[in-house]
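One structure is given here, and the rest of the page talks about it.
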Amino acid sequence: MMRKGSKRSYKQITWMLIAGGIFLIVISLSAGGYSLLQRLPLDKIIGNMHIGPEVLKGAADTTFGQEDVYTINPGLNEVEVEAQNAAVEIRPSASNVYKVRYSGDKRIFVVSQHKNKLQVKEISGKKDSALFEITIGNKRTKGSRIVLEVPHILDRVQVNANAGLVRIDDLRLKDLSVNSNVGEIDLGNLEINEKMQLYAGIGSIKGTLVHDPDKTYMIDKHVQLGQSVIDSKFTQAGKGEETVEFKVRANIGEVHLRGVPKK
């Protein structure tokens with residue numbers, strides 16, 4: 001028969017072992033948690049909250065700092081831009097030669113030509129860290145800019161921007177499509193001859209469009225949260241038979257499009 005003192009001793013040893021095990025588990029979790037916290041790219045996660053350049057400088061400005069310049073031969077009639085975080089500006093060139101300027105990380109920038117289309121892409125960088133196969137942050141370059149100088153007349157321009165300002169000035173286009181998740185769409189003195197599609201998830205759409213009194217403009221607009229003002233000139237029937245389609249969408253933001261006379 002086991003004595004009472006022995007039973008008490010076994011119980012004490014058992015509780016000591018349990019307490020020691022719990023202590024070791026807590027220490028391991030604390031160290032592991034701290035180690036995991038140390039590995040997370042917190043500064044880059046916070047950096048990802050930065051939308052991009054607040055302002056694009058004027059068309060005459062050529063100061064980009066460190067930049068890459070690409071010159072493309074003429075013969076193109078379409079331009080397609082994919083931007084992750086860079087601000088995008090498209091403006092007329094002084095000749096029929098296309099020029100692409102890019103300031104930022106060269107490793108995430110691609111310029112290519114497919115038949116009659118010029119494609120400019122700013123792609124995501126390598127994954128910085130992942131937790132349970134969920135990406136914590138992507139490499140990005142703050143203050144990146146994509147500037148295209150193109151002939152005044154083009155068939156089609158398409159811009160898909162994740163976060164950043166999109167600015168297009170002084171062009172005559174058949175078809176314009178701009179999709180912006182977060183940022184501002186700024187258009188200056190554009191002449192649209194067939195159709196225009198603008199979408200802003202969070203941000204404003206503003207600018208001036210050339211109004212042709214001979215054309216009838218078909219306006220399809222929807223602003224979920226914000227103000228919408230499109231010049232009344234575009235709601236009047238034109239004198240000719242040609243029609244131009246405007247489709248404007250904004251989830252959160254304002255739409256202000258003003259009409260200017262055709263020269």
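In this structure, the separation between NZ on K206 and NE2 on H256 is 9.0 Å, given to the nearest 0.5 Å. Annotation: the span from D68 atom CG to I146 atom CD1 amounts to 11.5 Å, rounded to 0.5 Å. Rounded to the nearest 0.5 Å, atoms OG (S228) and CD1 (I230) are 5.0 Å apart.
Applying the salt bridge (charged side-chain N to carboxylate O under 4.0 Å, His left out) criterion to D231, with sequence neighbours excluded, gives K233. When the side-chain hydrogen bond (donor to acceptor under 3.5 Å, both in side chains) test is applied to K215, the partners found at least two apart in sequence or on another chain are N193. Annotation: side-chain contact (heavy atoms from CB on, under 4.5 Å) contacts of S112 (sequence neighbours excluded): H114, Q119. Not counting sequence neighbours, the partners of V100 by the side-chain contact (heavy atoms from CB on, under 4.5 Å) test are Y70, I72, F109, V111, L118, V120, L148. Residues forming a side-chain hydrogen bond (donor to acceptor under 3.5 Å, both in side chains) with N251 (at least two apart in sequence, or on another chain): Y199. Among residues two or more places apart in sequence or in another chain, the salt bridge (charged side-chain N to carboxylate O under 4.0 Å, His left out) test is passed with K221 by none. For T208, the side-chain hydrogen bond (donor to acceptor under 3.5 Å, both in side chains) partners two or more places apart in sequence, or in a different chain, are N189. Looking at residues two or more places apart in sequence or on another chain, you find a ring-ring contact (aromatic ring centres under 6.0 Å, His included) between F234 and H211, Y217, F246.
Among residue pairs with one or both ends in residues 235-256, those qualifying as salt bridge (Lys or Arg N to Asp or Glu O under 4.0 Å) are D220-R249; sequence neighbours excluded.
In terms of heavy atoms, I192 sits closest to K195 at CG2-O, 3.4 Å. Minimum heavy-atom separation, L171 to P151: CD2-O, 3.7 Å. Contact record, V223 with G253: CG1-O, 3.5 Å, taken as the closest heavy-atom pair.
Looking at E149 and R101, a side-chain N of the basic residue comes within less than 4.0 Å of a carboxylate O on the acidic one, giving a salt bridge.
Here the side chains of E191 and K262 are in contact, with some heavy-atom distance below 4.5 Å. The side-chain heavy atoms of E80 and E82, taken from C-beta on, include a pair separated by under 4.5 Å. With a 4.5 Å cut-off on side-chain heavy atoms, L165 and V88 do not count as touching. Contact check for D170 versus P92: side-chain heavy atoms found under the 4.5 Å cut-off. Inter-residue side-chain proximity for D169 and I90 is flagged as unmet; no heavy-atom pair is nearer than 4.5 Å.
Think of V229 as one node in a network of Ile, Leu, Val, Met, Phe, Trp and Tyr side chains linked at under 4.5 Å; it has no links at all.
Hydrophobic cluster membership differs between M218 and V248, with clusters built from Ile, Leu, Val, Met, Phe, Trp and Tyr side chains linked at under 4.5 angstrom. In terms of hydrophobic clustering, with Ile, Leu, Val, Met, Phe, Trp and Tyr side chains grouped at heavy-atom distances under 4.5 Å, V150 and V69 are assigned to different clusters.
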Side-chain donor-acceptor distances from residues 178-187 under 3.5 Å, at least two apart:
from	atom 1	to	atom 2	distance (Å)
N179	ND2	N160	OD1	3.1
N181	ND2	N162	OD1	3.2
E184	OE1	S204	OG	3.4

Which atom pairs, one a donor and one an acceptor, fall under 3.5 Å between side chains of residues 152-159 and the rest of the protein, sequence neighbours left out?
from	atom 1	to	atom 2	distance (Å)
D155	OD2	N77	ND2	3.4
R156	NE	D175	OD2	3.0
R156	NH1	Q158	OE1	2.7

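Judged purely by atom type and a 3.5 angstrom limit, T216 has no side-chain atom pairing as donor or acceptor with the backbone of T243. Side-chain N or O atoms of T71 include none that pairs as donor or acceptor with a backbone N or O of K99 at under 3.5 Å.
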